[in-house]
Amino acid sequence: MERREFLAGALALGACSPVVPSHAQESVSSEGLAAHARRSGRYFGAAIKSRQLREDPDFTTAVARECDMVVQEYELKRGTTEPKPGKYDFSGADQIIAFAQDHGMRARGHALVWYAAQPKWLEPALKLANRGGREKLMTSYIDTAMDRYAGRIAEWDVVNEALEPNDGRADGMRQNSMWMQALGEDYIDIAFHRARNADPRATLFLTDFGLEHDSPRCERRRTAMLKLLDRLKARDVPIDAIGIQGHLKPFREGFNQAVFARFLDQLRGYGLTFSVTEFDVADRGGPPNPDKRDQQIASVAKAFLDVALDNPAMRSILCWGLSDRYSWLSNFPDYKWPDGQLSRGLPLDGDMRRKPLWDAIASAFDAAPAIGRRRA
Ligand code: XIL
């Protein structure tokens, strides 16, 4: 395949060509982003909450128009689904999966094994258990959730956020994780084998953040990821795909297309596919003028997505939310604006209008080389 040439140097914000303005795009087409994704054999999706589907028809219409894939923003995290040991509440996830099925959308499951958003009872229980008991405390959730949604959730984030070089380990693994402490790195092997067994048809993802920017922080995290993959592949751990979360923060760290393209090629070298699973752009620190900020957000998004979608192993792009009305960025301490204004990091604004970021995503999909027939 002909590879496009990417900018070799660090990308200056606003330096790349402006994306097509949203009004021009909208006048020629009201197609959603999923239609743009489909042309090259990809998917576009978003993280959603069941409450939004129940209470916000405008938002729900926008999801149906823009997406052909959905993921739960929190309703498959174990802190929500298993408030008491073995007592499950899948009501929120059930609604999201029913919505996906009604609309012919593909669904992801997020996330089976994570250090965060766990029920309070879990960590003390792990401390009291023997090795077999500790394994069971992890695998019981994999079995229960994957069994419940077998055939309906096509891909799972099996292990989320296993890396944290700042924890001080030479291998860059996250030490401050109840799973690492309970089982050592073997927790990853056990989780993937169990997941493969629970639903052999599902695509199994290892997902992480901080893999995108041209910064010492992300460079350490990319290195840790590649080294982890060396070990997992040597042990025949059944990983299918890497989820690059894609939480960009362009007003704090730079982005370099060549650096990111090289990393994706390295990942592809392991025989893995990948997706951007939680894309958004943290805008705090950007220009105070919202229009100017929107242009810069769109510009860095286009630079990032052009590289992502140039790689034939890239299967889908999911945003972490769809409209600024509900972005987690507006509430997260590190990213929220002190004056309470909404973050502008998602393709639709707080009134469900398409922004330059929408155009950036659409035009990146339009420019993407086709990867042939999509899997069912
Ligand atoms: C976030 C949700 O968006 C918030 O609503 C919640 O309070 C915290 O978690 N990486 C992940 C996601 O893998 O699960 C996180 O979602 C965002 C960062």
Side-chain angles (χ1 to χ4, degrees), residues 45-56 59 63 67 69-83 92-93 95-96 107-120 122 141-142 145 153 155-164 166-167 174 176-180 188 191 195 204-213 217-218 221 225 241-249 252-253 274-284 316-337 342-348 350:
I48 59 173
K49 301 181 184 182
S50 67
R51 186 177 175 164
Q52 297 159 349
L53 301 178
R54 287 193 304 275
E55 297 181 2
D56 190 338
F59 178 79
V63 174
C67 300
M69 196 173 208
V70 285
V71 61
Q72 319 71 30
E73 187 168 339
Y74 75 94
E75 283 158 299
L76 266 179
K77 293 173 185 169
R78 199 170 175 180
T80 300
T81 53
E82 197 179 352
Q95 289 169 56
I96 291 172
R108 314 190 76 248
H110 173 83
L112 294 169
V113 182
W114 194 19
Y115 76 95
Q118 299 303 306
K120 285 201 171 55
L122 185 54
Y141 188 56
I142 297 172
I153 289 188
E155 48 189 72
W156 283 92
D157 293 343
V158 178
V159 173
N160 188 31
E161 302 183 350
L163 308 174
E164 189 42 273
N166 289 339
D167 280 358
R174 183 183 295 276
N176 294 327
S177 151
M178 63 179 82
W179 304 114
M180 192 69 177
I188 301 180
L204 307 182
F205 276 71
L206 172 70
T207 43
D208 223 312
F209 65 89
L211 302 168
E212 304 84 1
H213 284 285
R217 174 186 80 103
C218 288
R221 298 184 61 86
M225 173 61 91
I242 298 296
I244 292 152
Q245 288 189 1
H247 295 293
L248 301 189
K249 31 175 136 175
R252 295 188 188 176
E253 294 178 37
F274 24 88
S275 294
V276 175
T277 52
E278 304 187 14
F279 184 60
D280 57 18
V281 184
D283 64 342
R284 184 157 161 203
S316 46
I317 307 289
L318 292 102
C319 288
W320 205 241
L322 183 65
S323 152
D324 295 335
R325 185 177 293 180
Y326 299 118
S327 175
W328 76 301
L329 295 169
S330 297
N331 302 313
F332 193 69
D334 218 23
Y335 301 129
K336 70 176 184 191
W337 287 89
L342 291 183
S343 155
R344 301 187 63 81
L346 289 170
L348 306 182

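Along the sequence shown, residues carry numbers from 1. Whatever order the structure lists them in is the order used to number ligands and atoms, beginning at 1. Values below: all heavy atoms of this structure, side chains included; hydrogens, waters and symmetry mates excluded.
Side-chain contact check for Arg252 versus Asp334: some heavy-atom pair is nearer than 4.5 Å. Using a 4.5 Å cut-off on side-chain heavy atoms (C-beta onward), Glu75 and Thr81 make no contact. Under the 4.5 Å side-chain criterion, counting only non-hydrogen atoms from C-beta, Trp320 is in contact with Glu73.
Remark: of the listed residues Thr207, Thr277, Asn160, Asn160 is the sole one forming a side chain to side chain donor-acceptor pair (under 3.5 Å) with Gln245.
For ligand 1, the protein residues placed under 4.0 Å by at least one non-hydrogen atom are Glu73, Lys77, His110, Trp114, Asn160, Glu161, Gln245, His247, Glu278, Trp320, Trp328.
Under 4.0 Å is where a charged nitrogen must lie from a carboxylate oxygen, and between Asp208 and Arg174 no such pair does.
Side-chain atoms of Arg108 never come within 3.5 Å of backbone atoms of Glu155 as a donor-acceptor pair (strictly under, hydrogens ignored).
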